[in-house]
Trainee: 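A single structure is presented below for examination.
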Amino acid sequence: MSDEWTDVRARTALRRIFGAAIASADPRITIADALPAKPKGRCIVVGAGKASAAMAAGLEAAWPDVELSGVVVTRHGHSVPAGRIEVLEASHPVPDDTSKAAALRMLHAVEGLSADDLVIALMSGGGSALMTLPASPMTLADKQAVNRALLASGATIAEMNVVRKHLSAIKGGRLALAARPARVTTLVISDIPGDDPAAIASGPSLPDSSTKADALEIVGRFAIDLPEAARLVLEQADETPKPGEIDADVRILAAPFHALDAAANAARDEGLTPIILGDAIEGEARELGTVMAGIARSVAWHAQPGPAPAVLLSGGETTVTIGRGPAGRGGRNTEFLLGLVIALSGTCDIWAIAGDSDGIDGTEDAAGALIGPDTLRRAAANLLDARAHLAAHDSYTFFDRLGDLVRTGPTLTNVNDIRAVLIAAGQPPTR
């Protein structure tokens, strides 16, 4: 392979690396090896999340000889046919009436089962909003208000899910309670730091180690304004089922580190040394861009933490904090890249890609974007001010006008964000 890294070669390599990470998390490929023993009786399938339809399709194909039925819910636009398993679509990230109807359908599906029956719960990121059943006396409007407040609070996804579990009639293990005495196996695709299965989709089929007191502490710490009915639930409702009260047969089909490992293998095929920085990186998106620029320069200038040509790989979920002023369009991945390209200031021989593995960066129609050494020069030629777009949280518009957005469409999986920074050649530090 030639040692020369052109713009076309670098961008093509990054797209292949990103694609390999997503392909490794395709549940239609990974699910067959994770299935439990077939039941003597029926198999009821329930599930929620951005990957639930693809997971159901994989299960349907793997078990043609099992009496199979059930219902799963996914985000609008993320549906695929799943044979005997019905697929519903609902709103994300704020739940709607379909989210509530899906939760009720799942509870009904697991009623009246026997010990010979098996429930398979298919859970992935986004499931918490897609399967919503407010605990009495809360209404759906109350739950929608709670979700909006949580999303704006600055709480981590794990902290949000602690609150959600204790305000739900189906999450935090309550679905598993309803399925007794049937055996329950939970198959998950993780999109969260640490891969805690009970935190994915707020753990409807798994025991919950958190308490109402934990939920109230989070509400107080982030000053979350709860509807009165929600506060009443946290203060008076029964606790969620704890470890030991329900069984926890759980299997992880895909996770962020698995995706980074696949990306590393693809990088080697491109003649690059992969450097995995971690699968659970959090923090402000634009600030992570500055940090990643510093690490990339260290590779180029000092061959640390490895020599060029190399690619820095990382996963996790950053945040974008919106101030009081009006905000433009963009998600955490395009904001990360805009922060990165500004910090690099045209440094030679460095390219990068970042995107959400589900194909949607925030609420936009792109997974993320690509940058290169000429991004700022091309922006100036198009009268685009990178710093002004970053200040306005308008990263989508910036990359859209440059033609640098990465559009994959819904990928039918979700192992969170994938970032790859390619350093093509070593160079002396600027004096």
Trainee: Listed by chain and number, what are the salt bridge (charged side-chain N to carboxylate O under 4.0 Å, His left out) partners of Glu282, not counting sequence neighbours?
Mentor: none

Trainee: Output all residues satisfying side-chain contact (heavy atoms from CB on, under 4.5 Å) with Ser91, sequence neighbours left out; order by chain, then residue number.
Mentor: Asp96

Trainee: Arg28: what forms a salt bridge (charged side-chain N to carboxylate O under 4.0 Å, His left out) with it, not counting sequence neighbours?
Mentor: Asp26

Trainee: Return each pair, listed once, that meets salt bridge (Lys or Arg N to Asp or Glu O under 4.0 Å) where at least one residue sits in residues 163-177; pairs must be two or more places apart or across chains.
Mentor: Lys165-Asp208

Trainee: Please collect all ring pair (Phe, Tyr, Trp, His ring centres under 6.0 Å) contacts where either partner lies in residues 389-415, sequence neighbours excluded, each pair once.
Mentor: His389-Phe398

Trainee: I'd like to check the side-chain contact (heavy atoms from CB on, under 4.5 Å) partners of Ala25; sequence neighbours left out, ordered by chain and number.
Mentor: Ala254, Thr413, Val415

Trainee: Going by the rule side-chain contact (heavy atoms from CB on, under 4.5 Å), which residues pair with Leu35 if we only count those two or more places apart in sequence or in a different chain?
Mentor: Ile31, Leu59, Ala62, Trp63, Ile120, Leu187

Trainee: Please enumerate all residues that pass salt bridge (charged side-chain N to carboxylate O under 4.0 Å, His left out) together with Glu86, with sequence neighbours excluded.
Mentor: Arg105

Trainee: I need the full list of salt bridge (Lys or Arg N to Asp or Glu O under 4.0 Å) pairs touching residues 46-57, with sequence neighbours left out, sorted by first then second residue.
Mentor: Lys50-Asp358

Trainee: For residues 409-425, which residue pairs qualify under salt bridge (Lys or Arg N to Asp or Glu O under 4.0 Å), counting only residues two or more places apart or in two chains?
Mentor: Arg332-Asp417

Trainee: List, one per line, each side-chain donor-acceptor pair under 3.5 Å for residues 369-376, sequence neighbours excluded.
Mentor:
| unit_1 | atom_1 | unit_2 | atom_2 | d |
| --- | --- | --- | --- | --- |
| Asp374 | OD2 | Arg378 | NE | 3.2 |
| Thr375 | OG1 | Gly372 | N | 2.8 |
| Thr375 | OG1 | Gly372 | O | 3.1 |

Trainee: Would you say Ser99 and Thr132 are linked by a side-chain donor-acceptor pair, where the criterion is simply a distance under 3.5 Å?
Mentor: no

Trainee: Looking at residues at least two apart in the chain, or sitting in another chain, which of them share a side-chain contact (heavy atoms from CB on, under 4.5 Å) with Thr74?
Mentor: Ser52, Ala53, His78, Ser79, Val87, Glu89

